[in-house]
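Side-chain atoms are counted along with the backbone in the values below, which use heavy atoms only and exclude waters and symmetry mates. Since this is a predicted model, take the numbers as computed values, not measurements. Each chain gets a letter, A, B and so on, in the order the sequences are listed, and its residues count up from 1.
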2 protein chains.
Amino acid sequence: MGTALNALKMLDLFSNSLAEIGLSQISRLSGLNKATALRHLRALEEFGLIEQNPQTKTYTIGPAALRLAALREIAKPGLEGARQKMQAAMLDVGESLHLTLLEKDTLQTAVVVETTQHSVRVSLDPSEVIPINATASGLCMLGFGPSFLLSRLDQEEQERFTDATLTDPDLIKEKVALIRRAGWANSNGSYEEGVFGFAAPIFGISQVALGTISIAVPDIRATSERLPVILKSLQSLSRDLTANFGGQMPETFPTEFHP
Amino acid sequence: MGTALNALKMLDLFSNSLAEIGLSQISRLSGLNKATALRHLRALEEFGLIEQNPQTKTYTIGPAALRLAALREIAKPGLEGARQKMQAAMLDVGESLHLTLLEKDTLQTAVVVETTQHSVRVSLDPSEVIPINATASGLCMLGFGPSFLLSRLDQEEQERFTDATLTDPDLIKEKVALIRRAGWANSNGSYEEGVFGFAAPIFGISQVALGTISIAVPDIRATSERLPVILKSLQSLSRDLTANFGGQMPETFPTEFHP
DNA sequence: TAACACGGTTCAAATAATGAACCACTTACC
DNA sequence: GGTAAGTGGTTCATTATTTGAACCGTGTTA
């Protein structure tokens, strides 16, 4: 059901590593017939969500995406302010930052600020859905977000990404209990080898987390000397961004993060 | 032809002043049947381009817009860098800035940075198409953009917005000749009463303008003392943004803007 | 030269979109 | 307290649009 949806789903094919795609490849990846894929692409192009490179004939995400994002910012303000705070924090700690938001029942990347300080950096794909069991953001959301996330743990099998990925619901719950006490979550290569993630919650109006702010560090820089700097930044971002989105922190939430 | 396109066109109903719309109103505004509108909205919602407020039942642009904008930034980088340069210029001159890009054959707003210095400010709607005859950006594009824009002047009647709007093709061409010599364009209330616009071109690789950068000033602050500051900022933005987008300025382009 | 992959087109067949009428509910008004 | 008009949302027979196998012309590779 829904040709419009099928057309839109083609947009999901584009990603960080696959920014330009040709017709045949789109047809293959989407499973749609080449003719239908083309007609959909034409429709999306007319609206501006798709753009075709006249030389290479490949397709990319179009400029309408920016226009819609600006409208989204009007409807649900805050993200632009958040980006600025993240930018400042990036310059301070020198690492890449991600802001994720809970949309419907999945955790999605909303803002990415990559570090300009190091050439070895963590680069996160904005089109990826954040796995709740394998990332610092996901675990953090389990700890401070709506409770249905935790109860869903027992119903669905959790995907494994690396050797360090937590997949057993009971082990995850143990970890979540620790996170609740600490106020922040970490993931040491449990999503991708060599990537250390540190995340803190952003709370909404009812003291339930609506998203997370996280700092991603390559293992070579994830030393114990740098941890206090990262945690300090994370803590103040958690507070600032909660305020930025008009939320409120629970009284029980720690005002300082300890390693 | 194209149900997908019809669905997408509903997104165009949202604007700066109409950020949340109910089903019946959407049906009325779009001319679609209520049932059809609802099914389209559901499809858009499933993709995330539309979000429904559970309380009021109204619809808004959804979070997928942000995800797509991030992907667009990967495919066609530069806008984020441009935003930062504009932000700096905004703090410098204290006025709102707009970056427009020529998409297909219309001029569209790509980045808006509103002033944080004054409560009386010019606020531009990112969903609006920029009229080529009435705005500083439009006139600037006529002067430095692809030539088909100029030749189209004689074919289509130009819309009138205020008493000061130029609609006669010959008068417009005279103005464009002046702009070409000066390097910058202005519009004194020719689009909206009380708004003074100043624009300079952003050049592409072939020394043809691919967009414009403009500063919008409310009439009360559009004094002759402030003009040099505005022009200086505009000139350096024109240069910086041309470089930012990998373009090249024509040798004949003035290195200084004079009132 | 032949084989293959590319982007794009065609048109009969099949599927999915459509819309008038309807429901349940809330608000406003006499 | 009754009614009229608004809202969001549903139903289902009718209709029109989407669909896809085969096809074309071109460019690349072996």
Side-chain angles (χ1 to χ4, degrees), chain A residues 1-15 17-64 71-72 75-76 103-105, chain B residues 1-15 17-64 71-72 75-76 103-105:
Chain A
M1 67 100 147
T3 54
L5 191 59
N6 282 327
L8 287 170
K9 275 181 180 163
M10 296 199 306
L11 296 172
D12 279 334
L13 300 175
F14 296 89
S15 70
S17 49
L18 198 63
E20 302 192 356
I21 325 185
L23 174 60
S24 293
Q25 197 177 359
I26 287 177
S27 160
R28 248 177 286 117
L29 290 171
S30 65
L32 295 169
N33 184 283
K34 208 165 45 153
T36 45
L38 182 63
R39 246 174 308 100
H40 284 168
L41 284 169
R42 292 265 164 83
L44 292 171
E45 189 182 16
E46 184 167 342
F47 186 74
L49 270 177
I50 281 287
E51 195 178 60
Q52 187 176 29
N53 185 323
Q55 271 89 52
T56 63
K57 302 279 182 187
T58 57
Y59 298 88
T60 27
I61 300 290
L71 283 171
R72 167 71 184 177
K76 289 263 154 63
E103 305 291 354
K104 296 237 145 193
D105 51 0
Chain B
M1 69 101 145
T3 54
L5 190 58
N6 283 327
L8 287 169
K9 276 182 180 162
M10 297 199 305
L11 296 172
D12 279 333
L13 300 175
F14 296 89
S15 70
S17 49
L18 196 65
E20 302 192 355
I21 325 185
L23 174 61
S24 294
Q25 197 178 359
I26 287 177
S27 162
R28 249 178 284 118
L29 290 171
S30 64
L32 296 168
N33 183 284
K34 207 165 46 151
T36 318
L38 182 63
R39 247 172 306 100
H40 285 169
L41 284 168
R42 291 265 164 84
L44 292 170
E45 189 182 15
E46 185 167 341
F47 186 75
L49 270 177
I50 280 287
E51 194 178 60
Q52 187 176 30
N53 185 323
Q55 270 90 53
T56 63
K57 302 280 182 188
T58 57
Y59 297 89
T60 34
I61 301 290
L71 283 170
R72 167 72 184 177
K76 288 263 153 63
E103 304 291 354
K104 296 238 144 193
D105 51 0

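Taken over five-pair windows at either terminus, the axes of the helix from C/dT1-D/dA30 to C/dC30-D/dG1 are inclined to one another by 30° (rounded to 10 degrees).
Scanning both residues, A/M10 and A/L44, for their nearest heavy atoms gives CE-CD1, 3.9 Å. Closest approach of B/R72 and A/G62 over heavy atoms only: CD-O, 3.4 Å.
In this structure, NE2 of A/H40 is placed 16 Å from C1' of C/dT9, rounded to the nearest angstrom. Atom CG of B/N53 is separated from atom P of D/dG8 by 12 Å (rounded to the nearest Å). The CD1-P distance, from A/I26 to C/dG7, rounds to 8 Å in whole Å. When the P atom of C/dT18 is taken as reference, atom CG of B/L32 falls 7 Å away, rounded to whole Å. Nucleotide D/dG8 holds its P atom 8 Å from the OH atom of B/Y59, rounded to whole Å. In this structure, A/N33 atom CG and C/dT9 atom P are separated by 14 Å, rounded to whole Å. Look at CD on B/Q25: it is 14 Å from P on D/dG6, rounded to the nearest Å. When rounded to the nearest whole Å, the span between CG of B/L8 and P of C/dA17 equals 14 Å.
Distances from the side chain of A/A35 to the nucleotides C/dG8, C/dA16, C/dT10 place C/dT10 closest. Side-chain proximity of B/K34 to D/dG8, C/dA17, D/dG20: nearest is D/dG8. Between C/dG19, D/dA21, D/dG8, one nucleotide has an atom nearer to the side chain of B/S24 than all others, and that is D/dG8. When the nucleotides C/dG19, D/dG8, D/dT18 are ranked by their closest atom to the side chain of B/T36, C/dG19 comes out on top. Relative to the side chain of A/Q52, the nucleotides C/dG8, D/dT17, D/dG8 differ in distance, and C/dG8 lies closest. Relative to the side chain of A/L38, the nucleotides D/dT19, D/dT10, C/dT9 differ in distance, and C/dT9 lies closest.
Residue order along DNA chain C, read from the 5' end via each residue's closest nucleotide, puts A/L23 first among A/R39 and A/L23. Residues A/R28 and A/A4 both approach DNA chain C. Their nearest nucleotides, taken by heavy-atom distance, put A/R28 toward the 5′ side.
In terms of modelled atom types and a separation under 3.5 Å, the side chain of B/T60 and the main chain of B/A19 share no donor-acceptor contact. Between the side chain of A/S27 and the backbone N or O of A/L32, at least one donor-acceptor pair lies under 3.5 Å. Without hydrogens or angle criteria, A/Q52 side chain to A/K57 main chain gives a donor-acceptor distance under 3.5 Å.
Side-chain contact between A/L49 and B/L49 is present, with heavy atoms from C-beta onward closer than 4.5 Å.
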